[in-house]
Amino acid sequence: MASRAGGDGKEAINEQVVANTYTNMRTEMNQLYTKITELEMEVSEHSLVIGAIEPLDPSRRCYRMIGGVLVERTIKEVLPAVKRNKEGLEEVIARMHEALERKKKEITEFELKYKIRIRKANNDAKDEGGKKEGTAQGVLVGPAGQ
């Protein structure tokens, strides 16, 4: 009997370790999503800049921020650099998408191995029942009364 009690305590510790590991994996995945989104926004900004300066005269002056310093250059000098930066960002995004897919696969395998199930927010809504519904109804009724 003493060994069974010890085994139960060990399982509880293992469950906590599994839960912490799973949480860390989900956090890493969310960080990847966030970084990919951030880089995609930068690619979009690069595209806007390229679209704005490409049709202009190549000898025209323009300004570029390099390491916090505003530098005067010509469009002929700046355009290739901006295009290279955009291509580099797109390559990084592609690698991060691959890492994200690997992380998703790893999480799925982890969930299957430890039989992890995530509770949906609907369960919480059912528990609180009328409170959430009453609040939602009040919001919906307000504009109709005007």
Donor-acceptor pairs are to be reported for all side-chain atoms of residues 73-81 against protein atoms at under 3.5 Å, with residues two or more places apart or in another chain.
unit_1	atom_1	unit_2	atom_2	d
Thr74	OG1	Glu77	N	3.4
Glu77	OE1	Thr74	N	3.1

For Thr37, side-chain hydrogen bond (donor to acceptor under 3.5 Å, both in side chains) partners two or more places apart
none
Hydrophobic clusters here meaning ILVMFWY residues chained together by side-chain heavy-atom distances under 4.5 Å, can you tell me if Met65 and Ile53 are in one?
no
I'd like to know if Val43 and Ile50 are part of one continuous hydrophobic network [Ile/Leu/Val/Met/Phe/Trp/Tyr, side-chain heavy atoms within less than 4.5 Å].
no
Roughly how far, to the nearest 0.5 Å, is CE of Met29 from OG1 of Thr34?
10.5 Å
Are the side chains of Leu70 and Arg64 in contact, using a 4.5 Å heavy-atom criterion?
no
Result of checking Gln31, Glu28, Glu98 against Lys103 for side-chain hydrogen bond (donor to acceptor under 3.5 Å, both in side chains)
Glu28
Quick check: is Ile118 connected to Ile107 through a chain of hydrophobic side chains (ILVMFWY, heavy atoms under 4.5 Å apart)?
yes
List for me each residue that meets side-chain hydrogen bond (donor to acceptor under 3.5 Å, both in side chains) alongside Glu72, sequence neighbours excluded, and say none if there are none.
Arg61
Would a hydrophobic clustering, with Ile, Leu, Val, Met, Phe, Trp and Tyr connected at side-chain separations under 4.5 Å, put Leu89 with Leu32?
yes
Quick one: are Glu109 and Lys105 in side-chain contact, heavy atoms under 4.5 Å?
yes
Is Glu38 salt-bridged to Lys35, going by a charged N under 4.0 Å from an acidic O?
yes
Interatomic distance, Glu90 atom CD to Glu40 atom CD [nearest 0.5 angstrom]:
10.0 Å
From Asn30 CG over to Leu100 CG, what is the distance, rounded to the nearest 0.5 angstrom?
9.5 Å
Hey, can you pull the donor-acceptor pairs under 3.5 Å for the side chains in residues 18-26, sequence neighbours left out?
unit_1	atom_1	unit_2	atom_2	d
Asn20	OD1	Gln16	NE2	3.3
Asn20	ND2	Gln16	O	3.4
Thr21	OG1	Val17	O	2.8
Tyr22	OH	Glu111	OE2	2.4
Thr23	OG1	Ala19	O	2.8
Asn24	ND2	Asn20	O	3.3

Per the side-chain hydrogen bond (donor to acceptor under 3.5 Å, both in side chains) rule, what does the pair list look like for residues 41-50, sequence neighbours excluded?
Ser47-Lys86
Applying side-chain hydrogen bond (donor to acceptor under 3.5 Å, both in side chains), can you list everything that pairs with Tyr33, at least two apart in sequence or on another chain?
Lys104
Tell me whether Lys83 is salt-bridged to Glu54, with the criterion being a basic N under 4.0 Å from an acidic carboxylate O.
yes
Measuring from Asn85:CG to Glu87:CD, what's the distance to the nearest 0.5 Å?
9.5 Å
